[in-house]
Every structure is written in structure tokens, then in C-alpha cells.
Protein chains: 2
Amino acid sequence: MDARLAQKAAAVLKAAAHPIRLQIIEALANEEELCVNKIMERIGCPQAVVSQQLAILRDKNILECRREGTNVFYRIKNKNVIHLLHCVYNHCEP
Amino acid sequence: MDARLAQKAAAVLKAAAHPIRLQIIEALANEEELCVNKIMERIGCPQAVVSQQLAILRDKNILECRREGTNVFYRIKNKNVIHLLHCVYNHCEP
DNA sequence: TCTATATATCTATATATCATTATATTCAGA
DNA sequence: TCTGAATATAATGATATATAGATATATAGA
């Protein structure tokens, strides 16, 4: 693996490497699409925190979103990240 | 996924989420066992840097090592991390 | 014991991340 | 246009991480 790919791969891992971001990704892996409200409910943490983490995942190109009225619906952009999720789980609880 | 598992999974991702650490893991995925010297050669960066990153990977329980004379040989402890590696690659270059 | 080699640790500085709180934006409906 | 609901951003302080350079430790062999 050349340094450039390592850089890129590290960035993806880093984007996922946070408990709340992982839980968000998992929720969206199961549900296809969820608004911020629902994500908050699922994960049980304050709105600002969820929005911040969503912004990071959006910025890193892992999630995308669309607005519908006052709601903003998030979904996974690159489905490969779901495999990544399973890999970590298997690592942790084989 | 409960918060506890998310915590654990995030810790693993975080440990891997660094270009040099990724390159170290990859080198060991191919070679089974390598001393610090060889790892330096492969990756092409200073000894102190490699040792620092090795210490982190050791601490996070991803690598283990044994000493043989003046050399210290490192190897991957939980092979599942290799799958993780492949997952990130596929994510980056599908 | 002295030296060379291999590896590990320490220190300092810069930078990034985290959670919290407060505030801003966007939109729908009265 | 005003209000409330949903979401986003900003500002803060605390903590963690990165990176580089200097130094320390461990071991083998003379």
C-alpha cells in the first residue's frame, strides 16, 4: 500500500472511529433513511451532538442528506462503509 | 449496537486510523513477523516514529512482540484486523 | 567493562477533537 | 409577519494526538 492510499484509508477509519458516529452509521445501515430527530431518539444524545457528528460524516463523504420541510433526512452515501462496520464488529466480538 | 460495543469498536478503528499504523499492519499482514528494522525499511520512516506507532498498536492490543537478541519481532495479535484492512481498501478503491 | 546496534521512551510544541452551552438558520402554519 | 419546531453552527475550555528531536535502555560481543 502506498502512502497516498494509506492516507485515504486512515481518513475513512478516522471518520468512523467515534462511538456516536458508529451508532449513527449503524442506524442508517438498518433504516435506509432517517431524520435527525429519529437519530437522536435512537442514540439518545443531545441534538447538538448529533448534528455535529452528522456534519463530520457529511463532510467526510460518508453520509448525504436531503431536506423535506423542516426535516433533514440522512442516508449512507457509500454503502461500502457498512462492510467496514461489520468488520469491526467481528473484530470486537468474533 | 449498544454504547459499550460502539465504544470498543471505535477504539479499534481509532487505533488503526493512522497512515503509518495502517502501513505497519499491512506489512505484518503479508509477512507474519517483522523486526522494527525491517518495518522501518518497508515504510521508509525514522526509527523513533515507527517505535512510537508500534507502542500504540501494542498498547491497543493489535500487535504483540517478542525479543530475540537485540531485535524485537512484531506480529499481528488478532488476525481479524486484516479483514478490517481489506474493508477499508475496498471502500477507498472499490 | 566498553562499544556498537537495535529499540524504546521522553520532552516540547503544535494541532485536533470532544462535550457543552448558547445562538442562528430554515421552514411551516396561524 | 410572528411563532414554534427542526436542524445547524459558533464559541468555549478540557483533553487527546501528532510530530520531531534528543536521550535512554537492552543486548551481544570484544
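What you see below is based on every heavy atom in this structure, not just the backbone, and it leaves out hydrogens, waters and symmetry mates. Chain identifiers are assigned alphabetically (A, B, ...) following the order of the sequence lines, protein sequences preceding nucleic acid strands; residue numbering begins at 1 within each chain.
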* **Verdict with supporting geometry, Asn78(B) and Asn61(B), side-chain contact (heavy atoms from CB on, under 4.5 Å)** => CA-CA 8 Å; Asn78(B) 179 345; Asn61(B) 223 33; over 6 Å; no
* Take Glu32(B) and Lys79(B), measure what salt bridge (charged side-chain N to carboxylate O under 4.0 Å, His left out) needs, and give me the verdict at the end. => CA-CA 10 Å; Glu32(B) 185 66 27; Lys79(B) 300 268 184 184; 3.3 Å; yes
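Between Gln53(A) and dA19(C) there is a side-chain N or O to OP1 or OP2 distance below 4.0 Å. One finds a side-chain N or O of Lys14(A) lying less than 4.0 angstrom from the OP1 or OP2 phosphate oxygen of dT17(C). Arg67(B) has no side-chain polar atom (N or O) that falls below the 4.0 Å cut-off from OP1 or OP2 of dT25(D). Listed pair Arg21(B) / dA18(D) meets the phosphate criterion, a side-chain N or O lying under 4.0 Å from OP1 or OP2. When the side-chain nitrogen and oxygen atoms of Tyr74(B) are compared with OP1 and OP2 of dA6(C), none of them lie within a distance under 4.0 Å. Regarding contacts with the backbone of dT5(C), every side-chain N or O of Asn71(B) stays at 4.0 angstrom or more from both OP1 and OP2. Of the side-chain N and O atoms in Thr70(A), none sit less than 4.0 angstrom from OP1 or OP2 of dA6(D).
Going from atom NZ of Lys38(A) over to atom C1' of dA5(D) covers 14 Å, rounded to whole Å. Regarding His18(B), its NE2 atom lies at a distance of 18 Å from the P atom of dA16(D), rounded to whole Å. When the P atom of dA28(C) is taken as reference, atom CG of Asn37(A) falls 16 Å away, rounded to whole Å. Residue Gln47(B) contributes atom CD, which lies 15 Å from atom P of dA24(D) at whole-angstrom precision. In this structure, Gln52(A) atom CD and dA24(C) atom P are separated by 17 Å, rounded to whole Å. One atom, CD1 of Ile24(B), and another, P of dA8(C), lie 11 Å apart when rounded to the nearest Å. Between the P atom of dA16(D) and the CD1 atom of Ile56(B) lies a distance of 14 Å, rounded to the nearest Å. Leu57(A) has its CG atom 11 Å from the P atom of dC18(C), to the nearest Å.
Here the side chains of Lys60(A) and Lys14(A) are not in contact, with every heavy-atom distance at 4.5 Å or above.
Pairing for dT27(D) goes to dA4(C), judged as Watson-Crick or G-U wobble with the two contacts each under 3.5 Å. Applying the Watson-Crick and G-U wobble criteria (two distances, each under 3.5 Å), dG4(D) pairs with dC27(C). Summarising the base pairing, dT12(D) is matched to dA19(C) through a Watson-Crick or G-U wobble pair whose two defining distances lie under 3.5 Å.
Classification of Arg42(B) and Glu31(B) as a salt-bridged pair holds, one side-chain N sitting under 4.0 Å from a carboxylate O.
Panel note: side chain Arg4(B), backbone Ala6(B); no donor-acceptor pair is recorded below 3.5 Å.
Each of Ala17(A) and Ala48(B) has a nearest nucleotide on DNA chain C; the 5'-most of these lies closest to Ala48(B).
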